[in-house]
S.K.: 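Below is the structure I would like to discuss, written out as C-alpha cells.
Basis for what follows: all heavy atoms, side chains included, without hydrogens, waters or symmetry-related copies. Below, chain A is the first sequence line, B the second, and so on; all start at residue 1.
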Amino acid sequence: MRTLCEEIKESDIGKEFTFKGWVMHYRDHGGLIFIDLRDYSGILQIVFDENIEGESFKTAKKLRNEYVISVTGTIRKRPEGTENDTLKTGRLELIAKSVEILNTCEVLPFQIDEESEVNEFIRLKYRYLDFRSKRLKDNLIFRSKFTHLIREFLNGKGFFDIETPFLTKSTPEGSRDFLVPSRLNNGRFFALPQSPQLFKQILMVGGFERYYQIVRCFRDEDLRADRQPEFTQLDMEMSFVENKDVISIAEELFAMLFEKLLNVKIERPFKVLDYDEAMDKYGSDKPDTRFELIIRNLTDVFENSALNVFKENIKNGGVIKAVCLPEGSNILSRKDIDELLNTAKEFGAKGLAWTKVSENNALEGGISKFISDGERSRLIAATGAKNGDIIFYQSDSKKTADNVLGRLRLHLAKKYNLINKNRLDLLWVVNFPLFEYSEEEKKIVAVHHPFTSPAVKDIEKLETDPLSVKSDSYDLVLNGEEIGGGSIRIHNSKLQETIFKILSISPEDAKIKFGFLLDALRFGAPPHGGIAFGLDRILMILRNEESIRDVIAFPKTQKAYCPLTDAPSGVNTIQLRELGIKLNENITKI
RNA sequence: GGGGCUGUAGUUCAGACGGUUAGAACGCCGGCCUGUCACGCCGGAGGUCGCGGGUUCGAUCCCCGUCGGCCCCGCCA
C-alpha cells in the first residue's frame with residue numbers, strides 16, 4: 001500500500017506508512033539526513049537517523065535529487081520549533097525505517113522549481129522535467145479539472161459528446177489547412193479541421209439537438225504567444241434555439257466554472273456591447289473594459305477647426321476622435337509624448353496631435369493654439385478632461401482613427417499600469433457586420449464564416465446593401481481577449497445559396513466545397529446555432545500566464561517545432577513514393 | 001514576407017580597446033556536520049563564448065552570412 005504525501009493528518013501520528021515519489025531536496029547533516037519527498041499530491045519531509053536505522057541510513061547517503069524512492073516509516077510530530085508552516089505537512093515528518101531506490105537520476109539539464117526563469121527551449125526539450133515544477137503541474141491539473149467540470153455540466157444539460165473526423169476535406173476559405181496526403185488516393189489530400197463547424201451542423205440536421213466536443217483544431221498560420229498550430233476548442237451546437245439561448249447556457253457554464261475553480265461569483269447576465277459601440281468607444285471588437293480611456297468622437301467640435309488637417313479630413317468624410325489620459329501631464333515627459341507619436345505611426349496613424357489640460361480647463365502645448373475657446377469648452381465637456389490630463393487626437397477615416405486609438409489605449413494602459421489585474425471582465429460583443437469588403441481579394445468576404453445567419457431584420461437588405469447587414473452572432477470577450485464566438489446558423493438552403501452568391505462563390509464551387517452541407521440543409525434542417533471557445537486562451541488568462549504554451553502539455557516553438565520529439569522531421573523515399581509525392585530538387589533532404 | 005530583442009560552464013547571468021589562465025551564483029563531484037527545510041562549512045571538476053566565413057600578428061569581442069529562441073506586424077473565415 002502506498003500513501004500520498006498530503007494525505008497525512010495529525011491523527012496519523014504513530015502509524016506506519018509507505019511513500020513513493022521523487023527526492024526534491026536532500027539535506028545531509030552528517031548523522032541526520034532530511035529529504036523532501038514529492039509526489040503528485042505534494043511534499044513530505046523524511047528523516048533518516050543514523051542511530052535509529054543504520055541500514056536505511058546507508059542507503060539514504062546515496063540519494064540524490066530526483067531519485068525515485070519508496071520509503072517506509074512512522075509518522076511523527078516534528079520536534080517543537082522545527083515546524084515549517086510553508087508546507088501543508090510541515091508539522092509532521094516520516095522517520096524512515098527502510099528505503100529502496102526505485103530509480104536514479106542523472107544530472108539535470110535545469111533545476112526544477114528554480115526561482116530564475118529557464119530558457120523555454122530547454123524546458124520544452126525536457127518537458128517531463130518541467131512537468132515536475134509546481135507551475136506547470138498546477139496549470140495542467142487545473143486544465144484537467146476545467147474540462148472535467150465542462151463535461152459534467154454539459155452532460156447534465158442533455159448535450160452529447162460526439163467525435164468528428166480529423167481527416168477531412170480541405171476548404172480554401174478561412175485559414176491555411178494542414179494537409180495529409182492519401183496513400184490510397186494518390187494526388188488527393190485530407191485536411192486537418194480548422195474547426196468542426198460543418199460536422200456539428202450536420203449533427204443538428206441529424207437530430208442530436210445538443211452537441212459538444214472538447215476538440216483539437218488545426219490552423220497552419222504563424223504562431224504567437226496566444227496561437228499554436230493545434231489548439232483546443234470547446235465546441236457546442238444546439239437546435240431550435242435563438243441567440244439568447246446559446247448566450248444563456250454559455251453564461252451559466254462560465255459562472256459555474258469561475259465559482260468552482262476560482263471561487264469567483266460573476267454577475268449575470270454579462271455585459272453586452274454592440275459591435276458598433278465597441279469599435280466607437282474602444283476601437284476594438286474585443287474591448288478590454290478593465291480600464292477607462294474611452295475613445296470620444298469630437299468631429300462635431302472641430303467642424304470649423306483652424307487646423308486645416310482637421311477641417312479637410314472632416315470635409316472628406318473623416319472623423320476627429322480622442323482619448324484622454326488622466327494625469328497624463330505628470331506621467332508623461334515630453335520625450336514620452338514624442339515616442340508615442342512613433343508608436344501611433346506603427347499603429348497606422350498619420351500623426352498624433354495632443355494637448356495638455358491645465359488649471360481652469362486651459363489647454364497647453366501641442367495643437368492648443370489652434371483650438372478656439374468655444375471648441376475648448378465643448379472638447380472638455382465631451383472628454384471629461386481635468387487639470388493634468390493629456391488628450392490625444394486622431395484625424396482620419398473612422399476605421400483608422402478607431403483602430404489607432406484602440407491600440408494606443410491598450411498601449412497606454414499597459415505601459416502605465418492602468419489595468420486592474422484582479423478583474424475578470426466578461427462581455428458579449430453582438431451585431432457584427434455579416435460581411436466586409438476585402439481590399440486584398442477585391443470582393444465581399446464573411447466576417448465570421450459563410451454559414452452565419454444574417455439578423456432577421458436585415459435579410460431584405462442582403463441583395464441591395466449587403467455591407468450594412470448585421471449577423472446574428474456573438475463573441476465572448478474576457479479581459480480584452482476574444483475567448484469564444486458563435487452564431488445562429490443558416491438552416492435554409494435557399495438563403496445559404498444567396499450568401500454564397502454575395503460572397504462570389506459560384507454554385508459549382510459551392511457544390512464542390514460545401515455540397516454535403518447544402519444537401520443536408522434540404523432535408524429538414526432544424527434552426528440551430530452554437531458557439532466555440534478557445535480553451536487554451538481561457539486557461540492562459542485564468543492561470544495568469546503570458547503564453548498558451550504554459551497551459552498546453554506539449555506545445556511547439558514559434559517555428560512550429562517540437563524540441564521534445566524533433567517534429568517535424570524528414571521521411572524516407574519509400575514513404576514518399578507510396579504517397580505519390582516528390583520533393584522539389586531545391587529542398588534539402590533531412 | 002517584415003520589424004525588434006537575443007544566443008558565453010549543466011542552469012541563470014557577468015565580461016573585455018581586439019591582447020596572458022573567460023568570471024560569479026546555483027547545480028554537479030569529494031570531505032565535515034544530529035533539527036534542517038533554497039541547511040551550513042571546506043575543497044574540486046566543468047567552456048569549440050550557437051555555427052561558417054572574413055578582417056587582423058592575434059577574434060568570444062569588429063564585419064558578412066547562417067541556424068536557433070522570444071515578442072510584434074502581416075496572416076489567423
S.K.: Need one value for A/Pro79: base, sugar-phosphate or nothing, where a base atom within 4.0 Å counts as base even if backbone is also close, heavy atoms only.
M.R.: base
S.K.: Could you work out which one of B/rU12, B/rU36, B/rC76 sits closest to the side chain of A/Glu221?
M.R.: B/rC76
S.K.: Please compare A/Gly90 and A/Glu440 by the position of their nearest nucleotide in RNA chain B and report the one closer to 5'.
M.R.: A/Gly90
S.K.: Have a look at A/Asp28 and say if it touches a base, only the backbone sugar-phosphate, or nothing, with a 4.0 Å heavy-atom cut-off.
M.R.: base
S.K.: Does B/rA22 have a Watson-Crick or wobble mate here (both distances under 3.5 Å), and if so which one?
M.R.: none
S.K.: Does A/Tyr40 offer a backbone N or O that forms a donor-acceptor pair with the side chain of A/Lys137 under 3.5 Å?
M.R.: yes
S.K.: Can you check the distance between B/rC76 and B/rU60, where both ends of the measurement are the C1' atom (answer in whole Å)?
M.R.: 41 Å
S.K.: Say you pick atom P in B/rG31 and the same atom in B/rC72; how far apart are they, in whole Å?
M.R.: 50 Å
S.K.: For the P atoms, the ones on B/rG68 and on B/rC75, what distance do you get once it is rounded to whole angstrom?
M.R.: 25 Å
S.K.: Where the side chain of A/Gln45 is concerned, which of B/rG27, B/rC75, B/rU36 is the nearest nucleotide?
M.R.: B/rU36
S.K.: Which is it for A/Asn243 and A/Val430 under the side chain to side chain contact (heavy atoms under 4.5 Å, CB included) test, yes or no, and what are the steps along the way?
M.R.: CA-CA 10 Å; A/Asn243 58 28; A/Val430 300; over 6 Å; no
S.K.: Please confirm whether the shortest side-chain N or O distance from A/Asn119 to OP1 or OP2 of B/rC13 is below 4.0 Å.
M.R.: no
S.K.: Select base, sugar-phosphate, or nothing to describe what A/Glu346 touches, counting heavy atoms under 4.0 Å on all strands.
M.R.: nothing
S.K.: On the ring face of A/Phe392, is A/Arg409 found with NZ or CZ under 6.0 Å from the centre and within 45° of the axis?
M.R.: no
S.K.: Reckon A/His25 touches a base, only the sugar-phosphate, or nothing at all at heavy-atom distances under 4.0 Å?
M.R.: sugar-phosphate
S.K.: Which one, B/rU12, B/rG30, B/rC71, comes nearest to the side chain of A/Ala225?
M.R.: B/rC71
S.K.: For A/Ile33, report the nucleic acid contact type (base, sugar-phosphate, nothing); a contact means any heavy atom under 4.0 Å.
M.R.: nothing
S.K.: Using the C1' atom on both, measure B/rC41 against B/rG50 and round to a whole Å.
M.R.: 38 Å
S.K.: OP1, OP2 of B/rA38 versus side-chain N and O of A/Arg27: anything below 4.0 Å?
M.R.: no
S.K.: B/rA25 and B/rA14: how far apart are their C1' atoms, nearest whole angstrom?
M.R.: 10 Å
S.K.: Closer to the 5' end of RNA chain B via nearest nucleotide, is it A/Gly174 or A/Arg549?
M.R.: A/Arg549
S.K.: Using atom C1' in both nucleotides, what's the gap between B/rG53 and B/rC67 to the nearest angstrom?
M.R.: 14 Å
S.K.: Roughly how far apart, to the nearest Å, are B/rG65 and B/rC29 at atom P?
M.R.: 45 Å
S.K.: Can you figure out which of B/rC70, B/rG27, B/rC29 approaches the side chain of A/Gln111 most closely?
M.R.: B/rG27
S.K.: Does OP1 or OP2 of B/rG69 have a side-chain N or O of A/Thr557 closer than 4.0 Å?
M.R.: yes
S.K.: Using a 4.0 Å heavy-atom cut-off across all strands, classify A/Arg176 as base, sugar-phosphate, or nothing.
M.R.: nothing
S.K.: Would you classify A/Glu80 as touching base, sugar-phosphate or nothing, given that sugar-phosphate means primed atoms plus P, OP1 and OP2, and contacts are heavy atoms under 4.0 Å?
M.R.: nothing
S.K.: Within the 4.0 Å heavy-atom criterion, would you say A/Glu83 contacts the bases, only the backbone, or no part of the nucleic acid?
M.R.: base
S.K.: Centroid distance below 5.5 Å plus an interplanar angle below 30 degrees: do A/Phe110 and B/rU11 meet both conditions?
M.R.: no
S.K.: Measure from the side-chain heavy atoms of A/Gln558 and tell me the nearest of B/rC72, B/rG27, B/rC37.
M.R.: B/rC72
S.K.: Is a donor-acceptor pair below 3.5 Å formed from side chain A/Arg123 to base B/rU11, judging by atom type as modelled?
M.R.: no
S.K.: Is any side-chain N of the basic residue among A/Asp130 and A/Arg127 closer than 4.0 Å to the acidic one's carboxylate O?
M.R.: yes
S.K.: With a 4.0 Å cut-off on heavy atoms, is A/Phe121 in touch with a base, just the backbone sugar-phosphate, or nothing at all?
M.R.: sugar-phosphate
S.K.: To the nearest angstrom, how far is A/Ile46 atom CD1 from B/rU36 atom P?
M.R.: 18 Å
S.K.: Counting any heavy atom closer than 4.0 Å, what does A/Thr171 reach on the DNA or RNA strands: base, sugar-phosphate only, or nothing?
M.R.: nothing
S.K.: For B/rC62, what is the paired nucleotide under Watson-Crick or G-U wobble rules, both distances under 3.5 Å?
M.R.: B/rG54
S.K.: NA contact type, A/Ser175, heavy-atom cut-off 4.0 Å: base, sugar-phosphate, or nothing?
M.R.: sugar-phosphate
S.K.: Using the C1' atom in both, what is the distance from B/rG19 to B/rG58, to the nearest Å?
M.R.: 7 Å
S.K.: When you measure from the side chain of A/Arg224, which nucleotide among B/rC75, B/rC71, B/rC37 comes out closest?
M.R.: B/rC75
S.K.: Would you mind telling me which of B/rC73, B/rC71, B/rC37 lies closest to the side-chain atoms of A/Arg407?
M.R.: B/rC73
S.K.: Just to be sure I understand the rule, does A/Arg76 reach a base, reach only the sugar-phosphate, or reach nothing, if contact means heavy atoms closer than 4.0 Å?
M.R.: base
S.K.: Answer yes or no: side-chain N or O of A/Arg227 and base N or O of B/rC75 forming a donor-acceptor pair under 3.5 Å.
M.R.: yes
S.K.: Just how far is it from atom NZ of A/Lys169 to atom CG of A/Leu198, taken to the nearest 0.5 Å?
M.R.: 10.5 Å
S.K.: Do the ring centers of A/Phe48 and A/Phe57 come within less than 6.0 Å of each other?
M.R.: no
